[in-house]
Amino acid sequence: MASLNPHTNVLGSAFAKHLLKRATFTYTKTLVDQFAQLTPQQALDLLLQDSPLVLPLPYDPLPSGSPDGFWTESTALPGTFGSQARKRSVVAGWWWYNAIKTPSLKYKLSHFLSTRFTIEKSNGSGTATEFYDHIRLLLFYAFGNYKTLSKKVTLDNSMLVYLNNTDNNRNSPNENYAREFLELFTIGKGPQIGAGNYTNYTEADVVQAARVLTGFKRKNDRTVIDSDTGIPKGYNVFTQHNLNPKAFSSAFNNTIINPATDVNSMDVELNEFVEMVFNQMATAKNICRKLYIYFVKGTITPEVETDIITPLAQLLYSTNYEIGPTIRKLLESQHFYDLDDGNATDETIGAIIKSPLQQVSEICTYLQATIPNPTTDPLNFYNQFWTKFVHDTFLTGSNMIIFDPENVAGHLAYYQAPEFDRSWISSSTLIARYRLGESLLDGFNRISGNANTAGKINITAVIHHGGLISNASDPVVLTTELCNALFAQVPDADRVAYYMNSYLLQGSVNYYWTDAWSTYLSNGNNSVVEPRLKLLVSKLLSAPESQIF
């Protein structure tokens, strides 16, 4: 029986790895050792703490000689700046750097929210500055209230542009945002039970919702500031608002929302609409299913629906859609740690194929990649390492351009049943996934072009000084501990022996490695150990066991 009862014992190393990988983009040996001594409750206390941004602002180091710098803080109109695509990448790099430097649920949750309130940053979502404001909004509500975010995102300038609600007015209604608000962001369709009737709402409800949403406009000079978040937003134009009552179907208990009478009461009408949608238990269940798919696994069995989704939804509903208590309940549960049944074919650990974002974050943090500091070396970080290698080569080649999914539904992995996360693996993505580790170990782009990546895993120094391995001179210990760290599940002895013999020893006996490591320690000569370590680790990173978590 699937159970939300809490796991109350100390995590230990295996469960600490599982929690850190699923809950953060920061996976390090130091954190594993720390969290291994904690109960899930104590661990979640830490993971749900807010903390200041490590990197306060994005910085554009180009054009050369006269960089645009901290352009998001400029009073100039956002659209007056050139190279908007590059600046969007800079914003994504700013978010990622904070994510890998902050062991917090905030970044996993903000990314989860981006898979729900979807925009495509390169496709009609406004300027790079408005995209920056959108990401700040997701970060602001990552530990907050899902319902409140749904109101705030309605006036988010990027969203107003992306789903055309800035063009929605009383004389020319546009249903794009209203449709996606119901179908993707909140309640979901449900089974179709008739023409234009999707159980949870009808086509007529989309029409009425679009009328509620008329008159909300983009404010592209960023002069309207939301009083709760301090983030620029759109504004209300009463002369473009529909002034008729909005009558909803039986799916919403035949609710009638009276029209606004002035510019300020447009917000009241919007609030009544949002409250109506979130007053349905179907909304809470839909959100909890999405949380489960993102944080646990893609398969929701009838048992999981009854024992996990339904009580989680009741908790979310009872807390008025506060995200924190619900995600805490899920990540503390016996089910999350696969302690609620003895079915070896229904594992949670190792049940998700890593997203490319997860993959690059884990590799860089656990293997202590040396990447340029965005504060002291912004050109190499933002331009050479992040934009040219990570963003434009790896993430593009693995079909996960961050905050830029294929369409408004998002990346296939987060919505397309029954494949879900299996969508990350295809003939077109394998080269990028398999050569990521090799590229970072070499410091050159082995995915395409062989350019300098400006970031590198100095593997011999990391093994020597990084505290990852208890006894690096012992090839069995070295290979075993690397496998345990980089694989989702502990491999058997034969699998460890295969990697050790094939790539570290390469046909030599064990003491050959011990002697080579001793030589390196005595005189710094790494001519033997460096290529073998690089080969071993690159093979581990491209192994099937390393693609899951």
Side-chain angles (χ1 to χ4, degrees), residues 53 55-99 110-111 113-115 117-139 153 155-167 176-177 217-225 231-235 357 372 374 378-397 399-408 410-411 454:
L53 293 168
L55 186 62
L57 295 168
Y59 181 89
D60 187 355
L62 295 172
S64 297
S66 182
D68 288 335
F70 298 110
W71 89 97
T72 60
E73 307 311 295
S74 173
T75 57
L77 288 174
T80 61
F81 290 95
S83 303
Q84 290 287 329
R86 183 184 72 235
K87 285 178 169 59
R88 291 185 185 98
S89 175
V90 165
V91 172
W94 162 80
W95 176 89
W96 181 77
Y97 190 83
N98 280 296
S110 67
H111 185 257
L113 292 172
S114 81
T115 71
F117 298 96
T118 311
I119 65 168
E120 299 171 65
K121 75 175 189 290
S122 66
N123 183 21
S125 59
T127 65
T129 310
E130 290 166 317
F131 169 60
Y132 166 68
D133 292 336
H134 176 79
I135 297 302
R136 287 200 294 157
L137 187 64
L138 300 183
L139 286 169
V153 82
L155 271 83
D156 170 68
N157 282 310
S158 273
M159 187 64 76
L160 282 164
V161 176
Y162 177 59
L163 288 179
N164 312 109
N165 208 58
T166 192
D167 302 322
N176 283 3
Y177 182 71
K217 301 296 176 182
R218 174 194 194 186
K219 188 67 171 173
N220 60 3
D221 64 4
R222 301 174 80 220
T223 56
V224 178
I225 307 298
I231 298 171
K233 66 172 185 174
Y235 68 112
L357 177 62
L379 184 63
N380 273 319
F381 173 75
Y382 284 114
N383 192 51
Q384 195 69 20
F385 175 74
W386 172 257
T387 296
K388 290 184 177 180
F389 175 62
V390 178
H391 188 277
D392 291 355
T393 300
F394 171 66
L395 292 177
T396 300
N399 199 28
M400 192 190 188
I401 308 175
I402 186 172
F403 304 120
D404 207 356
E406 297 91 339
N407 54 58
V408 67
H411 294 291

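In terms of heavy-atom proximity, G65 sits nearest to P67 at C-CD, 3.6 Å. In terms of heavy atoms, Y132 sits closest to P58 at CE1-CD, 3.6 Å. The two residues Y382 and G93 have their closest heavy-atom pair at CE2-C, 4.4 Å. Across S125 and S158, no two heavy atoms sit closer than the pair O-OG, 2.9 Å. Listed here is the closest heavy atom pair of L77 and N220: CD2-O, 4.1 Å. Scanning all heavy atoms of the two residues, the minimum distance from L357 to M400 falls at N-SD, 3.5 Å.
Partners of F70 by side chain to side chain contact (heavy atoms under 4.5 Å, CB included), not counting sequence neighbours, listed by chain and number: L57, Y59, E73. Applying the side-chain hydrogen bond (donor to acceptor under 3.5 Å, both in side chains) rule to K87 yields the partners D60, D68; only residues at least two apart in sequence or on another chain are considered. In this structure, the side chain to side chain contact (heavy atoms under 4.5 Å, CB included) partners of T223, at least two apart in sequence or on a different chain, are K219, D221. A search for side chain to side chain contact (heavy atoms under 4.5 Å, CB included) contacts involving N164 returns D167, N174, N176, not counting sequence neighbours. Residues passing the side chain to side chain contact (heavy atoms under 4.5 Å, CB included) test with I225, sequence neighbours excluded: P232.
The main-chain N or O of L160 is never found under 3.5 Å from a side-chain atom of N165 such that the two would form a donor-acceptor pair. A donor-acceptor pair under 3.5 Å is formed between the side chain of W94 and the backbone N or O of L55. With hydrogens and angles disregarded, no donor-acceptor distance shorter than 3.5 Å links the side chain of E120 to the backbone of D404. Counting only distance, with no hydrogens or angles, the side chain of S114 and the backbone of H111 share a donor-acceptor pair below 3.5 Å.
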Kindly determine whether F403 and W95 satisfy ring pair (Phe, Tyr, Trp, His ring centres under 6.0 Å), including the steps that lead there.
CA-CA 11 Å; F403 304 120; W95 176 89; 5.1 Å; yes
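Salt bridge E130/R218: present, at least one basic N to carboxylate O contact under 4.0 Å. Ion pairing between K233 and D156 fails under the 4.0 Å rule for side-chain N and carboxylate O.
Under the 4.5 Å side-chain criterion, counting only non-hydrogen atoms from C-beta, L155 is not in contact with Y235. Here the side chains of P63 and R86 are in contact, with some heavy-atom distance below 4.5 Å. Looking at V161 and I119, their side chains never come closer than 4.5 Å, going by heavy atoms from C-beta outward. Side-chain contact between S110 and I135: absent, with no pair of heavy atoms (C-beta onward) separated by less than 4.5 Å. Side-chain contact between W386 and Y97 is absent, with no heavy atoms from C-beta onward closer than 4.5 Å. Using a 4.5 Å heavy-atom threshold, the side chains of Q384 and P372 count as separate.
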Name each donor-acceptor pair under 3.5 Å that joins a side chain in residues 388-397 to protein atoms two or more places apart or in another chain, with its distance.
{"residue": "H391", "atom": "NE2", "partner": "K121", "partner atom": "NZ", "Å": "2.9"}
{"residue": "T393", "atom": "OG1", "partner": "K388", "partner atom": "O", "Å": "2.7"}
{"residue": "T393", "atom": "OG1", "partner": "N445", "partner atom": "ND2", "Å": "3.4"}
{"residue": "T396", "atom": "OG1", "partner": "H391", "partner atom": "O", "Å": "2.8"}
{"residue": "T396", "atom": "OG1", "partner": "D392", "partner atom": "O", "Å": "3.3"}

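S89 and T387 share a side-chain donor-acceptor pair at under 3.5 Å.
Here the two rings, on Y177 and Y162, have centers that are 6.0 Å apart or farther.
A distance of 9.0 Å separates CD in E406 from CD1 in I401, rounded to the nearest 0.5 Å. Rounding to the nearest 0.5 angstrom, the gap separating the CG atom in L139 from the CG atom in L53 is 7.0 Å. Taking CH2 from W71 and OG1 from T129, the interatomic distance works out to 6.0 Å, rounded to the nearest 0.5 Å.
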